[in-house]
Amino acid sequence: MAEHAETLLPLGLRLRDRRVVVVGGGRVALRRVGALLQARAAVTVVSPEVVAALEDLALRGQVEWHPRFYADGDLEGAWLAMACTADPEVNAAVLREAEARRIFCLRVDDARDASAWMPATGRSGPATVSVHGDRNPRRAAALRDAAVAAVEAALRDDPGAPARTPLRDDTPGRVILVGGGPGDPELLTLKGFQALATADVVVVDRLAPLAVLDGLREGVEVVDVSKIPRGRNTSQEEINAVLVDRARRGLTVVRLKGGDSFVFGRGMEEVLACAEAGVATEVVPGVTSAIAAPELAGIPVTHRGLSQGFTVISGHAAPGDARSTVDWDALARGGTTLVVLMGVETLPAIAAALVAAGRDADTPLACVMDGGLPTQAVLPSTLGAVAKGGPPDGLRPPAVTVIGPVAGFAAG
């Protein structure tokens, strides 16, 4: 007698500020954590080791990380649990505790006994589409794509628009550089989403919109090449090697970055490395955080009567550093809005150099942290205050700093 698909009760869980425990710290856990943070859950990760992007989230206070093995009692107070380790015995133990505590639990390696299943999920504007395929991820993903296409057509008020099918082909291996925007997955371009739909491998940075990883097809390899300030670091040579290696295997590789690949993203280095290796590349522009983060904080980088231009600067090397090629004196006299990326640690030195070169100490300054994320925060100050007293309290990377009269618009 044929086995019938189990009847499920589909629910939309409201997880804001509710504790969710993820046991495991690998690529699968990273995909799930990205989705949980988008739902604004209070995420706890239990794992002796985690991939670099998860470590960075812990350092930034976005998740709570217990760097140890799972122990009975770790699920206390949780509303939801996810067993995401590569050890079946550990996953089974997590499921047993969840059952005893009456907590719904997903198990990534064997969903048969789990009390909850993760659907294939897609988003289009205000709509979220979730599809269960009776534990058949390929079927669920195909149905999800068809449903998202129908939703997109309805949202465009064009019911006759053709359904979008997965963009797969038999072309040789290639690399697609996708600028992911400042962190909000809805600020990823449509072409960027379409590129991810074709991916066999996704090589991802810590500042990319991690929530989109949860919408990838089953079986897509996720390679975390995050660079944590003063912490774990994947060299550019290693990243180039990964891109070339996977593409030479005939795979479609999406290099997913934060912001735009060519704005301090070292994207051209990757294009040149691929070209030298004979690997075809495509570049999908992204929304750069240099403009998006200020805009999301209510700051226009130009404004009639205040600023007729803006200059985007890397703050990685402070004024006076032998590595710096920036003419800070000229910038101080230029009169344009200054947008500083990667300048949290060097901000006091930058402010002091600008004031010393003649920029008014009362010039407004605003730091936008986590631009585009639920945790976005704006810290206003002035050049003189930072030059004398250091950066605003609580400032940490990633942050974009705007210097100039337009910073006075900051929505603090």
Side-chain angles (χ1 to χ4, degrees), residues 22 24-34 36-38 43-68 84 177-184 202-213 221-243 255-261 263-267 269-270 286 288-290 293 314-318 321 323 340-347 367-377 379 391 394-401:
V22 177
R27 293 174 295 179
V28 175
L30 177 62
R31 292 176 64 163
R32 299 299 182 241
V33 168
L36 290 169
L37 291 179
Q38 186 63 21
V43 179
T44 298
V45 175
V46 180
S47 179
E49 297 180 351
V50 295
V51 297
L54 286 176
E55 181 181 353
D56 177 66
L57 289 171
L59 291 172
R60 290 160 53 194
Q62 305 302 299
V63 303
E64 181 182 13
W65 174 32
H66 297 297
R68 56 171 174 75
C84 298
L177 276 70
V178 174
D184 183 345
V202 176
V203 181
V204 65
D205 274 342
R206 68 186 182 93
L207 297 181
L210 300 179
V212 302
L213 300 179
E221 180 187 8
V222 177
V223 183
D224 179 7
V225 294
S226 298
K227 299 178 182 180
I228 301 175
R230 299 177 301 282
R232 293 166 62 177
N233 191 301
T234 305
S235 72
Q236 191 60 52
E237 291 72 22
E238 291 177 271
I239 295 172
N240 295 345
V242 169
L243 299 177
R255 174 69 171 103
L256 182 62
K257 299 170 176 281
D260 181 90
S261 302
V263 181
F264 302 132
R266 305 186 72 170
E269 295 181 43
E270 294 167 357
T288 174
S289 61
S314 169
H316 181 69
D321 190 312
R323 299 170 297 168
V340 182
L341 306 183
M342 301 179 292
V344 168
E345 185 174 346
T346 58
L347 188 58
C367 301
V368 185
M369 297 192 304
D370 290 342
L373 298 177
T375 51
Q376 176 177 304
L379 303 177
L395 181 63
R396 55 162 178 74
V400 175
T401 298

> Step by step, would you call Q376 with V368 a side-chain contact (heavy atoms from CB on, under 4.5 Å)?
Replying inline: CA-CA 7 Å; Q376 176 177 304; V368 185; 4.3 Å; yes

What distance separates [X] [atom1] from [Y] [atom2], expressed to the nearest 0.5 Å?
X	Y	atom1	atom2	result
L36	Q62	CG	CD	13.5 Å
R27	D224	CZ	CG	10.0 Å
D184	L373	CG	CG	7.5 Å
T401	M369	OG1	CE	10.5 Å
T234	N240	OG1	CG	11.5 Å
D56	I228	CG	CD1	5.0 Å

I'd like to check [X] versus [Y] (side-chain heavy atoms, cut-off strictly below 4.5 Å). Are they in contact?
X	Y	result
V33	L210	no
R60	T375	no
L207	S289	no
R206	E55	no
V212	L256	yes
V45	V50	yes
D205	K227	no
L341	S314	no

>> Looking at S226 and A52, would you say the former's side chain and the latter's main chain have a donor-acceptor pair under 3.5 Å?
In response: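 Answer holds: no.
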
>> Check whether W65 reaches the backbone of S47 with its side chain - one donor and one acceptor, N or O, closer than 3.5 Å.
In response: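 It does hold such a pair.
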
> Between E270 and K257, is a side-chain contact (heavy atoms from CB on, under 4.5 Å) present by the stated rule, with each step listed?
Replying inline: CA-CA 12 Å; E270 294 167 357; K257 299 170 176 281; 3.1 Å; yes

Nearest non-hydrogen partners of [X] and [Y], listed with the distance:
X	Y	value
L54	G25	CD1-O, 3.6 Å
L30	A53	CD1-CB, 3.9 Å
V400	A293	CG2-CB, 3.9 Å
V204	A208	CG2-CB, 3.7 Å
A399	L395	CB-CD1, 3.9 Å

> How far apart are the C-alpha atoms of R396 and V344, what are their side-chain angles, what is the distance that settles it, and do they pass the side-chain contact (heavy atoms from CB on, under 4.5 Å) test?
Replying inline: CA-CA 6 Å; R396 55 162 178 74; V344 168; 5.6 Å; no

>> Could you go through S261 and R255, starting from their C-alpha distance and side-chain angles, then the distance that decides it, and tell me whether this counts as side-chain contact (heavy atoms from CB on, under 4.5 Å)?
In response: CA-CA 9 Å; S261 302; R255 174 69 171 103; over 6 Å; no

> Counting only heavy atoms not in H316, do more than 12 sit closer than 6.0 Å to its NE2 atom?
Replying inline: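 Atom NE2 in H316 is not packed in, count stays at 12 or less.
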
